[in-house]
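Contents: one structure, followed by commentary.
Naming: A, B, ... by sequence-line order, numbering from 1 per chain.
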There are 2 protein chains.
Amino acid sequence: MAIGIKDVAQVAGVSPATVSRVLAGRPVDPAMSERVLAAVKSTGYRPNLAARRLRSQHSNTIGLVVADIGNPFFTAVSRAIESVAAARGLRVILCNTDEDPAKEAAYLELLHEERVTGVILAPSRQRVARGGRSELDYPVVLIDRAAPDAEFDCVLLDNARMAEVLVEHLYAQGHRRITGLFGAASTTGAERRDGFTRAAGRLGLTVETIAVPHTKDAAEQVIAQLLSRAERPDAVVASNGVMLVNVLRALRDLGLEVPRDIALAGFDNNDWMEFVGGGLSVIEQPVEEIGRTAMTMLLDRLENPDAAGRKVVLAGRLIPRGSSMRADIRCKTTGD
Amino acid sequence: MAIGIKDVAQVAGVSPATVSRVLAGRPVDPAMSERVLAAVKSTGYRPNLAARRLRSQHSNTIGLVVADIGNPFFTAVSRAIESVAAARGLRVILCNTDEDPAKEAAYLELLHEERVTGVILAPSRQRVARGGRSELDYPVVLIDRAAPDAEFDCVLLDNARMAEVLVEHLYAQGHRRITGLFGAASTTGAERRDGFTRAAGRLGLTVETIAVPHTKDAAEQVIAQLLSRAERPDAVVASNGVMLVNVLRALRDLGLEVPRDIALAGFDNNDWMEFVGGGLSVIEQPVEEIGRTAMTMLLDRLENPDAAGRKVVLAGRLIPRGSSMRADIRCKTTGD
DNA sequence: ATTCGCTTAGAAAACGTTTTCTGAGATGGG
DNA sequence: CCCATCTCAGAAAACGTTTTCTAAGCGAAT
């Protein structure tokens, strides 16, 4: 019932092959080309992508697998990826794993079934979940989190360096007792912790780092315990957005305020961060560039599949906010 | 090179048709079935979705077109949609239009080329952009924003009622000079404005509503002008998240604080809203239910395509926050 | 002028499945 | 016991494209 390339061919009085060639931009007689285009328009013909992909053996599609679509970092990166993909005539299939390795494996399988050209992946684990297969069937570029070995191309933030910047910033603001909260599972967390301790050592600070467990309850408990200690830190660095919100919640429950009672800094800039307390200092990731770079690496990899794995490390940018800027509105509580 | 159904058939010593039947769960001899399954496992066979879709003429895929993937409301709804779709064996193609009608039309075309079973759409405009076609080729369910006519099925928040609730809440908190900011273009904005004025009328308040233009600069200007008036409102209702952030920014620039100087309320709950000032009162949408309902309506529509258009209106939930809860920490500025 | 490319368009094959068709064997009823 | 019916598996067709193959036409070179 639906109209196909044969119908167009008939209307234009040419062969289906010619219609295909016109649509693909291959050289055909201008007069014919015109007739074909007119026929396409008059019939409202839309090619069947399934047929096209089956025959041509390439999907012109890449997969983008992210750990959390609700995370603004990933949405921003995926926007960037999508726009450069579109410019190259590639479609993007966006998959959300919710940090679940099983879903990740399932999506990776699905993308194979779709015969995608390649995949950009923000892995939910240190090891990429393969779903029982030993080999992935397409090139993969990792973003945000690296595989421990150099198996895959990847583009990462310079986590260690940026954590150093954060510590230096807090130091400059006058803070001396700084505690760092880092994810227990991810390479990203480990790198940031390393930078954190290195900078602290250089500045002569004795700092504390805490590996925060991934489960919600345990994380809340650890944080509440930290903040209600007698010798409470005067600044906290949170390695990711979830932790940062957890800290904020714990602070509010304890009746503490940022930046009056404690400073708080972290990674990933969100538009609301300038409004809580005196503002949160954060490291902003170059999301646009991460996306562009990942896409470029993937395209390179497609061109020569056997090149050595590459690792691109990008610098972030400190967005300084907090006590020093808003000293004018610091105040004491009236009650309690 | 890649292994196909014929290879599996050969390994199992059966015909391709039999392999297909086993995989589809159709009745075959148990012994054969077992051999086939073993062959599938040993060969690592993965079906080619393009071929399957081409032959079977259904994609088992629905499209989900949202206006802003960065908006937590849409990510939450899409999660819900995806989980019920997965339970029915349907894939979801997620498309982000960035509120651009041209992109919307392009995606709607693309989804047709993919031969999707149906589409769930959060339209960027009042009229659904069809990209020049007079008819869409698949059933469509609208979410979040309605088409003005009853042309499509849709599931919506009870916007007018929820706006009333917000006004009543602010009134109960003691606010009397309330200004409402509403999107100039969307039906959603109009409905919320109607509820707003209705509730205000019932309470005997003379309120002001402002239709905020869609462009960033104009919006900022309107808001700044409103807040720096001599007779500043003591409460503001923002119809959407973007406006809400704009208001917060303007307030900060003017040195005003929530809730000390002004109350602020809006729609869509975000996890950070409890931390700014004394907290923002908002209407939380039943995202889970919206997603489920939209999906159900789409499936119903597929079963009987000629039924009358349906419109489901869901209630939201007020999350009361703000001055009354945090009166204990109100304070005066020390400097300035 | 004849032959050798070279270009161009139509005919037909091919892509990897599912589904229809066909035939063989089993089953049951007359 | 034979024929009709039913079940099940293999053969082959079909899905809608792209691409290869083929042939025709044309220009240039010998």
Side-chain angles (χ1 to χ4, degrees), chain A residues 1-37 39-40 43-61 89 91 109-117 137, chain B residues 1-37 39-40 43-61 89 91 109-117 137:
Chain A
M1 212 73 308
I3 82 115
I5 203 173
K6 290 179 186 173
D7 306 297
V8 178
Q10 197 169 6
V11 170
V14 300
S15 74
T18 300
V19 177
S20 174
R21 287 191 261 256
V22 170
L23 264 29
R26 268 191 266 273
V28 297
D29 185 285
M32 279 191 154
S33 175
E34 201 171 322
R35 287 217 311 281
V36 168
L37 262 12
V40 166
T43 54
Y45 167 71
R46 296 272 83 194
N48 181 321
L49 288 184
R52 173 175 288 180
R53 292 204 263 251
L54 173 59
R55 173 61 234 221
S56 66
Q57 297 288 69
H58 48 73
S59 59
N60 280 338
T61 299
R91 286 222 336 101
E109 280 293 301
L110 179 67
L111 290 171
H112 172 210
E113 296 185 2
E114 294 273 8
R115 301 299 192 266
V116 292
T117 311
D137 317 79
Chain B
M1 209 75 309
I3 81 116
I5 203 173
K6 290 178 186 173
D7 305 296
V8 177
Q10 199 169 5
V11 169
V14 300
S15 74
T18 300
V19 176
S20 175
R21 285 191 263 254
V22 170
L23 263 31
R26 268 192 265 273
V28 297
D29 185 286
M32 279 188 153
S33 176
E34 202 171 320
R35 287 218 310 281
V36 168
L37 262 12
V40 166
T43 53
Y45 167 71
R46 295 274 84 194
N48 181 321
L49 287 185
R52 173 174 289 183
R53 292 203 263 253
L54 173 58
R55 172 61 232 217
S56 67
Q57 297 288 71
H58 47 73
S59 59
N60 279 338
T61 299
R91 286 221 337 99
E109 281 293 303
L110 179 67
L111 290 172
H112 173 208
E113 295 185 3
E114 294 273 8
R115 302 298 194 267
V116 292
T117 311
D137 317 79

Next item on the list: List the protein contact pattern of nucleotides 19-27 of chain C with one symbol per nucleotide (5' to 3'): B for base contact, S for sugar-phosphate-only contact, - for none; contact means a heavy-atom distance under 4.0 Å.
Entry: BB-------
Check: In whole Å, what is the span from the CD1 atom of Ile5(A) to the C1' atom of dA9(C)?
Finding: 14 Å
Next item on the list: When you get a sec, tell me which of dG10(D), dA9(C), dT17(D) is the closest nucleotide to the side chain of Asp29(A)?
Entry: dA9(C)
Item checked: Arg91(A): partners by side chain to side chain donor-acceptor pair (under 3.5 Å), with sequence neighbours left out -> Glu114(B)
Check: What integer distance in Å separates Gln57(B):CD from dT17(D):P?
Finding: 10 Å
Item checked: Distance, rounded to the nearest Å, where Asp7(B) contributes CG and dG16(C) contributes P -> 9 Å
Note to self: Can you give me the closest heavy-atom contact between Ala39(B) and Ala12(B), atom names plus distance?
What the structure shows: CB-CB, 3.8 Å
Margin query: I'd like to check Val22(A) versus Val40(A) (side-chain heavy atoms, cut-off strictly below 4.5 Å). Are they in contact?
Written below: no
Check: Are Ile5(A) and Asn48(A) close enough that some pair of their side-chain heavy atoms sits under 4.5 Å apart?
Finding: no
Next item on the list: Give the rounded distance in Å between these two atoms: CD of Glu34(B) and C1' of dA9(D).
Entry: 18 Å
Checklist line | Gap between atoms CG and P, on Asn48(B) and dA14(C) respectively (whole Å) | finding: 18 Å
Next item on the list: In whole angstrom, give the distance that lies between atom CD of Gln10(B) and atom P of dG10(D).
Entry: 13 Å
Notebook entry, point to check: Once you round it to whole Å, what is the distance between P of dT18(C) and CG of Leu54(A)?
Noted result: 12 Å
Checklist line | Of all pairs that satisfy salt bridge (charged side-chain N to carboxylate O under 4.0 Å, His left out), the ones with a partner from residues 20-36 of chain B, not counting sequence neighbours | finding: none
Next item on the list: Tell me which nucleotide among dA11(D), dT17(D), dT17(C) gets nearest to the side chain of Lys6(A).
Entry: dT17(D)
Next item on the list: May I ask you to check whether over 12 heavy atoms, not counting those of Glu113(A), lie within 6.0 Å of atom CD?
Entry: yes
Note to self: Could you tell me if the side chain of Leu23(B) sits less than 4.5 Å from the side chain of Pro47(B), heavy atoms only?
What the structure shows: no
Next item on the list: State whether Thr18(B) places a side-chain N or O below 4.0 Å from either non-bridging phosphate oxygen (OP1 or OP2) of dG10(D).
Entry: yes
Check: Can you tell me how far P of dC8(D) sits from CE of Met32(B), to the nearest Å?
Finding: 12 Å
